[in-house]
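Here you go, one structure.
Because the structure is predicted, anything quoted here is derived from the model rather than measured. Just so you know, ligand 1 is whichever comes first in the structure, and atom 1 is the first atom listed for that ligand. When a residue number appears, it is its place in the shown sequence, counting from 1.
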Amino acid sequence: MILFYKAFFYFCKMNNKKLIIAIDGYSSSGKSTIAKSLAKKLKYIYVDSGAMYRAVTYKLLKNNIDFKNIDKIKEILKSTTIDFIIQNGENIIFLDNECVEDKIRSLYISSHVSEVSAIPEVREFLVKIQRKLGEKGGIVMDGRDIGTVVYPNADLKFFIDADINIRAKRRHLEMEAKTGEKINLEDVKNNLVKRDKIDSSRKHSPLKLADDAIVINTDNMTKEEQLQYIFDIVKKKEDELNSSS
Ligand code: DC
């Protein structure tokens, strides 16, 4: 009898519904850090959708493609592949089989990425890949339009916000660490302000709060507090869904 209950318990656990979790927010609000650690704790896949827009920007710039030449961009996208490969526990982005994880984080790419991500053909191309990645659930994806466009039916949606000065300091630290270059903090802040404006006002899939998103301001929360807060909400949702199925 005990064996039967044990088997039943493991069967239920195996059939636990894995959620789709959308995390949106402004540039450098801390959403990627939260999304990454949440995915690790839940043993879910983590996808940084911003990295995908950065990778396309990198390719267009490398090939000297005019951002207004839509026919050329469409042609380039046809032969573009974007993959995520887990290395040392991190989900690393590969563009056309080349690791571009560090190259896409420079200020040069940051200052062009909003323009590229406003191109509908680029968005269409990447949204298709993003939806495919989440087909089986068990995914945490962060970006700007994840809860509104990519997964409007996500099981949970979070919107992360933080003060602009705090965001600028975070991005500055991250960029210096990733690129090894000395970078001016004011330049980073100006870039964030500019990107927020373009990202929120663009015609296609602008950054906006989904009606059913949970808003979290991270100004006065440590990373551990942010993670625990979100994790508790996710666990509650998992229990709800699994007890009703
Ligand atoms: O998250 P990030 O700063 O690395 O994103 C880079 C840019 O990509 C950002 O300025 C807006 C764009 N982006 C987007 O338009 N939609 C997404 N889902 C993710 C990012």
Q | Shortest protein heavy-atom distance from atom 20 (C) of ligand 1, along with the residue and atom involved | A |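 Protein heavy atom with the smallest distance to atom 20 (C) of ligand 1: Gly50 CA, 3.5 Å.
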Q. Is the closest heavy-atom distance from Arg202 to ligand 1 below 4.0 Å?
A.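 The answer is yes: ligand 1 sits under 4.0 Å from a heavy atom of Arg202.
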Q | Protein heavy atom at shortest distance from atom 1 (O) of ligand 1 | A |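 Of every protein heavy atom, Arg144 NH1, 3.0 Å lies nearest to atom 1 (O) of ligand 1.
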Q. So is Tyr53 polar-close to ligand 1, meaning N/O to N/O under 3.5 Å?
A.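 Such a contact does not occur with ligand 1.
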(Q) Please list the nearest protein heavy atom to atom 12 (C) of ligand 1 with its residue and the distance rounded to 0.1 Å. (A)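 Looking at atom 12 (C) of ligand 1, the protein heavy atom closest to it is Ser117 OG, 3.5 Å.
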Q | Ion pair check, Asp212 and Lys157, cut-off under 4.0 Å | A |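 Counted as a salt bridge, because a side-chain N and a carboxylate O are separated by less than 4.0 Å.
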Q. Given Ile21 and Ile139, is the side chain to side chain contact (heavy atoms under 4.5 Å, CB included) satisfied, shown in steps?
A. CA-CA 6 Å; Ile21 302 172; Ile139 190 167; over 6 Å; no
Q) Does a salt bridge link Glu238 with Lys18, judged by any charged N lying under 4.0 Å from a carboxylate O? A)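 Lys18 and Glu238: not salt-bridged.
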Q. Do the charged groups of Arg123 and Asp145 touch, with an N to O distance under 4.0 Å?
A.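 Salt bridge between Arg123 and Asp145, a charged N being under 4.0 Å from a carboxylate O: yes.
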Q) atom 4 (O) of ligand 1: which protein heavy atom is closest, and how many Å away? A)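 Of the protein heavy atoms, Arg54 NE, 2.7 Å lies nearest.
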Q.
Below the 3.5 angstrom mark, is there an N/O of Arg171, backbone or side chain, next to an N/O of ligand 1?
A.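 In this structure, Arg171 places an N or O atom under 3.5 Å from an N or O of ligand 1.
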Q) Which one of Lys235, Gln228, Lys236 satisfies the side chain to side chain donor-acceptor pair (under 3.5 Å) criterion with Asp232? A)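 The option that passes is Gln228.
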(Q) Taking 4.0 Å as the limit for heavy-atom contacts, which would you say applies to Arg123 with ligand 1: side chain only, backbone only, both, or neither? (A)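 The answer is the side chain of Arg123.
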Q | Heavy-atom nearest neighbour in the protein, as seen from atom 6 (C) of ligand 1, with distance rounded to 0.1 Å | A |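 Going atom by atom, the protein heavy atom closest to atom 6 (C) of ligand 1 ends up being Arg195 NH1, 3.6 Å.
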(Q) Between Asp96 and Lys59, does any side-chain N to carboxylate O distance fall below 4.0 Å? (A)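 Yes, this pair counts.
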